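Single-structure report; data block below.
Order of appearance sets the numbers: ligands from 1, and atoms from 1 within every ligand. All values reported here derive from a predicted model rather than from experimental measurement.
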Amino acid sequence: MRDSCDFDVVIIGAGPIGLCCALSLAGDGLRVGLIERQSADSLAQPAFDGREIALTHRSVKLLADLGVWPHVAAGDVAPLKDALVMTGGSTGRLFFDHRETRCAELGYLVPNHAIRAAAHRRAVAEPRVTLLHGRQLEGLRFDPAAARVRTDRHEELSCRVVIGADSRFSDTRRAAGIGADMVDFGKSMLVCRMRHETPHLQTAWEWFQEKSTLALLPLNGGESSVVITVPAAEARRLQVQDADAFGREVESRFEHRLGAMRLVSTRHVYPLVASYARRFVASRCALIGDAAVGMHPVTAHGFNLGLQGQDCLAGELKRAAGGDCGAGASLDRYEAAHRRNSRVLYFATNAIVRLYTDPRPLHRLGRSVGLVDRLVPVKRLMMSALTETRARGSWRAAPERP
Ligand SMILES: Cc1cc2nc3c(=O)[nH]c(=O)nc-3n(C[C@H](O)[C@H](O)[C@H](O)COP(=O)(O)OP(=O)(O)OC[C@H]3O[C@@H](n4cnc5c(N)ncnc54)[C@H](O)[C@@H]3O)c2cc1C
């Protein structure tokens, strides 16, 4: 039965989640075709894209199990010891201290392009994975025994299951007739690396202010990733601003707490749109990564969640290996498990973002009387999702920080 199809599984999108899923499935003995619109060169040497991914301990273990972690250079891994959440108008500060967990750090920061490069290097060495780059999905057709994937090179590939890993604006999702609820936060996120005078002490900051949100992610070598969330036009202005003027503006946005700041990378802007697919599966089709759940980056969990999702799906498809891995029950079990795993985190994240940043009077009142600061259980959910440890964030004065 298996040999009547070109592949057991075809994955659309060789982003970090598509690549990891291909490795998981190949490890389970399945033959995988991976379709990606980017060229072979840009997959092998992805450019810096400004994203620094906060990896949980569980994600590092999953990457190690897939053989990806050894391909990440030690210099690209920055320990994330502590985290500090601050709100502009109110006095509360929520400090998450790694000493309150059983771990030496809350997690690790690794550049997205380094994860992609490592996963790609591992995938090209895997004989059961065929990487079909420079192509894009043109259409899908499903019949009772197979899914058929058409590319813009006029190929038609048959498989038992097609998996969409092609971003939150997924063409696979649309071609499979699956809807998604999208939330446009009306803001954009500018990300870049900066060197600064005052040490970051390996502490991440999330600083919600009335008109913008600032974040600082501690990297190696006296640098941090600076994340500025502002209206789209302002993000574009900051992106093209003269580098020295940009440095001075960021210094002042951080109220000079980090001393002099200097831009040391390219600047990247991402519009803030979250998405949640109405279904994660259809007949002979499944969605993973951002195509299933496109998280707001504030909880730093899109990739971590995607990694768990692909692991769950691969486990279900493995259970059917030898038979028809596209048959309904495996996909249904994945749908139920991934929905359970993602729903609360997704909706709580969106609610927190609105509560912290919404300019409407009720939300402003809530912030001014410190209501937001008392939502410790919700914030604890965010942080324990980040650390995937039993971290207990506590309201108390944070130790003296810059
Ligand atoms: C600023 C920022 C910071 C973030 N920080 C964190 C963090 O700290 N922790 C965390 O866990 N997550 C974080 N995330 C989220 C994380 O980056 C994403 O969840 C993750 O990259 C999703 O991976 P993916 O493979 O599903 O999708 P993508 O990375 O979007 O990859 C999709 C791939 O599909 C390809 N593709 C698309 N359409 C087609 C098509 N029609 N045909 C063929 N190929 C196609 C694309 O070229 C691309 O290679 C952050 C995101 C942003 C924007």
TODO: Using only heavy-atom distances, determine whether the side chains of Glu249 and Ser252 contain a donor-acceptor pair under 3.5 Å.
DONE: no
With the criterion set at N/O pairs under 3.5 Å, what does the list of contacts between the protein and ligand 1 look like, atom names and distances included?
residue	atom	partner	partner atom	Å
ligand 1	8 (O)	Glu52	O	3.4
ligand 1	8 (O)	Ala54	N	2.8
ligand 1	9 (N)	Ala300	O	3.1
ligand 1	11 (O)	Ala300	O	3.4
ligand 1	11 (O)	Gly302	N	3.3
ligand 1	11 (O)	Phe303	N	2.8
ligand 1	11 (O)	Asn304	N	3.0
ligand 1	11 (O)	Asn304	ND2	3.1
ligand 1	12 (N)	Gly302	N	3.3
ligand 1	12 (N)	Phe303	N	3.0
ligand 1	17 (O)	Arg51	NH1	2.6
ligand 1	19 (O)	Asp290	OD1	2.7
ligand 1	19 (O)	Phe303	N	3.2
ligand 1	21 (O)	Arg51	NH1	3.2
ligand 1	25 (O)	Pro16	N	3.4
ligand 1	25 (O)	Ile17	N	3.1
ligand 1	26 (O)	Asp290	N	3.0
ligand 1	38 (N)	Arg37	NH2	3.4
ligand 1	41 (N)	Asp171	OD2	2.8
ligand 1	42 (N)	Leu137	N	3.2
ligand 1	44 (N)	Arg37	N	3.3
ligand 1	47 (O)	Glu36	OE2	2.6
ligand 1	47 (O)	Gln38	NE2	3.4
ligand 1	49 (O)	Glu36	OE1	2.8
ligand 1	49 (O)	Glu36	OE2	3.2
ligand 1	49 (O)	Gln38	NE2	3.4
ligand 1	49 (O)	Arg116	NH2	3.0

TODO: May I ask you to check if Arg148 and Phe142 form a cation-pi contact, with NZ or CZ under 6.0 angstrom from the six-membered ring centre and within 45° of the axis?
DONE: no
Below 3.5 Å, can you tabulate the donor-acceptor pairs from side chains in residues 221-235 to any protein atom, sequence neighbours excluded?
residue	atom	partner	partner atom	Å
Glu223	OE2	Arg195	NH2	2.9
Ser224	OG	His196	NE2	2.7
Glu234	OE2	Arg253	NH2	2.5

Task: Sub-4.5 Å side-chain heavy-atom contact between Glu52 and Val110 - done: no
Task: Ser24 and Gln310: side chain donor to acceptor below 3.5 Å - done: yes
Task: Beyond-backbone contact of Val293 with His338, side-chain heavy atoms, under 4.5 angstrom - done: yes
